[in-house]
Every structure is written in structure tokens, then in C-alpha cells.
Asks: 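Got a structure here, written out as C-alpha cells. Questions coming.
For the numbers below, each heavy atom of this structure counts, side chains included, while hydrogens, waters and symmetry mates do not. Starting from 1, each residue takes its place in the sequence as its number. Note that the structure is a prediction, hence the values are computed from the model and not measured.
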Amino acid sequence: MNGFPWGAFAAGLGWAAAAALAVMLATFAVAVRKGVHRVVDVAWGLGFAVVAVVTCVVAAAGGEGDPGRQTLVEALTVVWGLRLAGHIARRGRGHGEDPRYDAMLAKARGNRNLYALRMVYLLQGALVWLVSLPVQAASYGTGPLSVLAWAGAVVWAVGLAFEAVGDAQLARFKADPANRGRLMDRGLWSWTRHPNYFGDFCVWWGLFLIACDAGPAAAAVSVVSPLVMTYLLIGGSGKRLLERHMADRPGWAAYAARTSGFFPRPPRRSPAAHNSTRESRP
């Protein structure tokens, strides 16, 4: 670990924290003006994009890291972050406050906006800084790109495809009035109940592989990122909470029984279909 520029990296961590904080404070000002705190969801992707750009600029300006790896990790993070931010912005256009934030702010004692600042914006800013550690560490790693970095880019690309395709399929499904009240169980959604969460999982493990390409020090300092994201997506505020909300929907139990909860696989046949197949055999 002696070859890793710990001093420059530590200074870069400060710049990344300042960038994440600036994005969240600017978003908070917009939210207060609009009276809707759901805009913070747009800032999630934007925060990662800004942190990636600031980190790579600071590292390059200090003569640190490999330019090829900096360009790769910055480009992948910005593409992912901007796509996510744009998708969430389009999805929320014309809607009022998100019920999640209404429920949270109902618990506030005193000023609701200051409560939101502490419990939503500053917390998300801290998470952006923590989860972006692979991007930060990869930017300071020395040595040229190897096959490990390109393997990470492939895993990232699989993740982005699952997110983008899954979101597009769901949007088309919801846009059809004939599907009102029905569960989305087609396309990628027939292989996993959460293609967007699985995609996020792949994106951050892919970026972590690029950090591993920068050396063992970069890998050691950034492994917390994909671990935290995996917990949030599966056991935290992602899959677990969403499925708790969906549990009472008509058809959910049958859909959950035949469809993988996270990692994609072909859908299982329903017991009724299996029995029908057996009975039709001579």
C-alpha cells in the first residue's frame, strides 16, 4: 500500500465531501422554494456525477493517478448519474410531494424544512460521499488500465442496461390505460422483481472492480461502497420496503412465487401450469 498517495487522496476526500454538500444544499434551496422535497431524489444521481467530476479534476490538477482510469471512472459515473437523475425528474414531473417524505415530515418537531435538511439532505449527501469511494480511490491509483478495469466496465454496462431497459419497460406499461391496477410482470420484470435495483448493484460492483485495478490500497479503502449499496438495495430502503408496500396488491403473491427477488433468472412456472402440463402427457 506504500505506493498509494494517501495525502493527496485525503485532500481529495475533502473536495468530494464539499461537492456532495454543495449539491444537497442547492437542492434543499430549490425544494424549499417549490415546497416539495421529492426533488432530492433527482439530486442523488447528480451528486455522484458532480463528485466524480470534482474528484478527477482535483486529482489530475495535482498530477495524481492514471489519466485513462480517471477518464473511465468519471465517464461511467457521470453517464449513470445523469441518466438516473433525468429519469427521476421525468417520472416526478407534475406530481406533488412523495408520500415517503410526507410521512417522514409528519414526525418533525419544529421546523419541517430544517428537519428535512438534517434527516434527508445531509444524510443523502453523506451517503453520496461514502458510496462514491471507488470513484475517488480509482482516480488516485497509479499504473495503467488492465483487464480488471475493463471487466468492471462490462459489469457496469450490464447494470446500466438493466436499469435503463427496466425503467423504460415499466414506463411503457404504466402508460397503457389497459394496465391500470395490474402488476408489471413482463420483460426484465419477469426475470427479477427489481431490475433497477439489480442494475444499481452491478453498477457499483463494476466501479469497485475499476478501483481494484488501481491497486490493493484503492480496493481496501473503497470496498465499503458496494457493501453499503448492496445492503441498502436488498435489506434497507430498497427491495425490503418496496415489497412491504406491494404485499397487499392483487396478484403479488403469485408474481413473487414465480419471479426472482433480486438476481435475474427465468421465471418459475406456476403450480397450476405445471400440473396442467403433467396431466396433458399421454
Side-chain angles (χ1 to χ4, degrees), residues 13-55 57 74 77-133 135-136 160 163-164 166-168 170-171 174-175 194 196-197 199-200 203-204 207 225 228-229 231-233 235-246:
L13 291 177
W15 282 104
L21 179 61
V23 170
M24 290 301 163
L25 290 179
T27 306
F28 174 71
V30 172
V32 170
R33 183 175 180 179
K34 292 171 65 72
V36 178
H37 288 289
R38 71 182 303 151
V39 296
V40 71
D41 294 338
V42 178
W44 177 251
L46 287 178
F48 286 107
V50 171
V51 166
V53 171
V54 169
T55 296
V57 167
E74 178 183 7
T77 307
V78 169
V79 167
W80 171 80
L82 294 183
R83 190 215 72 86
L84 180 62
H87 168 71
I88 293 175
R90 288 190 298 271
R91 188 180 65 186
R93 187 179 296 128
H95 294 277
E97 185 62 278
D98 190 306
R100 295 173 302 158
Y101 297 126
D102 269 335
M104 176 181 290
L105 294 175
K107 304 174 185 177
R109 295 180 179 178
N111 189 291
R112 287 164 60 96
N113 286 329
L114 292 180
Y115 183 81
L117 176 63
R118 295 193 309 272
M119 302 303 296
V120 178
Y121 295 86
L122 295 182
L123 178 59
Q124 286 208 20
L127 280 174
V128 166
W129 176 84
L130 178 69
V131 173
S132 65
L133 281 175
V135 180
Q136 300 178 58
L160 184 70
E163 287 192 55
D167 286 341
L170 182 60
K174 288 184 173 181
H194 305 283
N196 47 355
Y197 291 160
D200 227 5
V203 162
W204 286 101
L207 292 172
S225 163
V228 167
M229 281 301 293
Y231 168 75
L232 292 175
L233 292 168
S237 58
K239 173 182 181 293
R240 182 177 63 86
L241 289 184
L242 180 58
E243 295 201 347
R244 182 186 299 173
H245 172 72
M246 297 290 290

Asks: Sequence neighbours left out, what passes salt bridge (charged side-chain N to carboxylate O under 4.0 Å, His left out) with E163? Give chain and number order.
Replies: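 With sequence neighbours excluded, E163 shows a salt bridge (charged side-chain N to carboxylate O under 4.0 Å, His left out) to R83, given in chain and number order.
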Asks: Can you list everything that forms a side-chain contact (heavy atoms from CB on, under 4.5 Å) with V30? Sequence neighbours excluded, please.
Replies: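 V30: side-chain contact (heavy atoms from CB on, under 4.5 Å) contacts with K34.
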Asks: With sequence neighbours left out, which residue pairs that include part of residues 40-53 fulfil the salt bridge (charged side-chain N to carboxylate O under 4.0 Å, His left out) condition?
Replies: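 Pairs touching residues 40-53 that pass the test: D41-R100.
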Asks: Kindly write out the residues that satisfy ring-ring contact (aromatic ring centres under 6.0 Å, His included) with F28, not counting sequence neighbours, or none if the list is empty.
Replies: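 With neighbours one apart ignored, the set is Y121.
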Asks: With heavy-atom distances below 4.5 Å as the criterion, would you say the side chains of V120 and H37 are in contact?
Replies: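 V120 vs H37: side chains apart.
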Asks: Flag the pair L21 / L122 as yes when at least one side-chain heavy-atom distance between them is below 4.5 Å, and no otherwise.
Replies: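 The answer is yes, as the side chains (C-beta and beyond) meet within the 4.5 Å cut-off.
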Asks: Under a 4.5 Å cut-off applied to non-hydrogen side-chain atoms, are E74 and V53 in contact?
Replies: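 Contact flag for E74/V53 side chains = yes.
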Asks: Could you list the residues that satisfy salt bridge (charged side-chain N to carboxylate O under 4.0 Å, His left out) with D200, not counting sequence neighbours?
Replies: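 For D200 there are no salt bridge (charged side-chain N to carboxylate O under 4.0 Å, His left out) partners, ignoring immediate neighbours.
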Asks: Which atom names give the shortest non-hydrogen contact between V39 and A31, and what distance separates them?
Replies: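 Smallest heavy-atom distance, with atoms named: CG2-CB, 3.5 Å.
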Asks: Does the side chain of H245 reach to within under 4.5 Å of the side chain of L241, using non-hydrogen atoms?
Replies: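 No, their side chains stay 4.5 Å or more apart.
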Asks: Please tell me if the side chains of T27 and V42 come closer than 4.5 Å, counting only heavy atoms from C-beta onward.
Replies: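 T27 does not reach V42 side chain to side chain.
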Asks: Provide the closest heavy-atom pair for G96 versus V36 in the form atom of the first, atom of the second, distance.
Replies: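 The pair with the smallest heavy-atom distance is O-CG1, 4.1 Å.
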Asks: Quick one: closest heavy-atom pair of M229 and W204, and the distance?
Replies: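 Looking at all heavy atoms of both residues, the closest pair is CE-CD1, 3.9 Å.
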Asks: Which atoms form the tightest heavy-atom contact between A19 and V50, and what is the distance?
Replies: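 Of all heavy-atom pairs spanning A19 and V50, the closest is CB-CG1, 4.0 Å.
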Asks: Measure the shortest side-chain to side-chain distance between L25 and L117 over non-hydrogen atoms and say whether it is less than 4.5 angstrom.
Replies: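 The answer is yes; the side chains approach within 4.5 Å.
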Asks: With sequence neighbours excluded, what pairs up with W44 under the ring-ring contact (aromatic ring centres under 6.0 Å, His included) test?
Replies: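 Expected list: F48.
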Asks: Can you tell if the side chain of W129 reaches within under 4.5 Å of the side chain of V51, non-hydrogen atoms only?
Replies: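 A side-chain contact under 4.5 Å is absent here.
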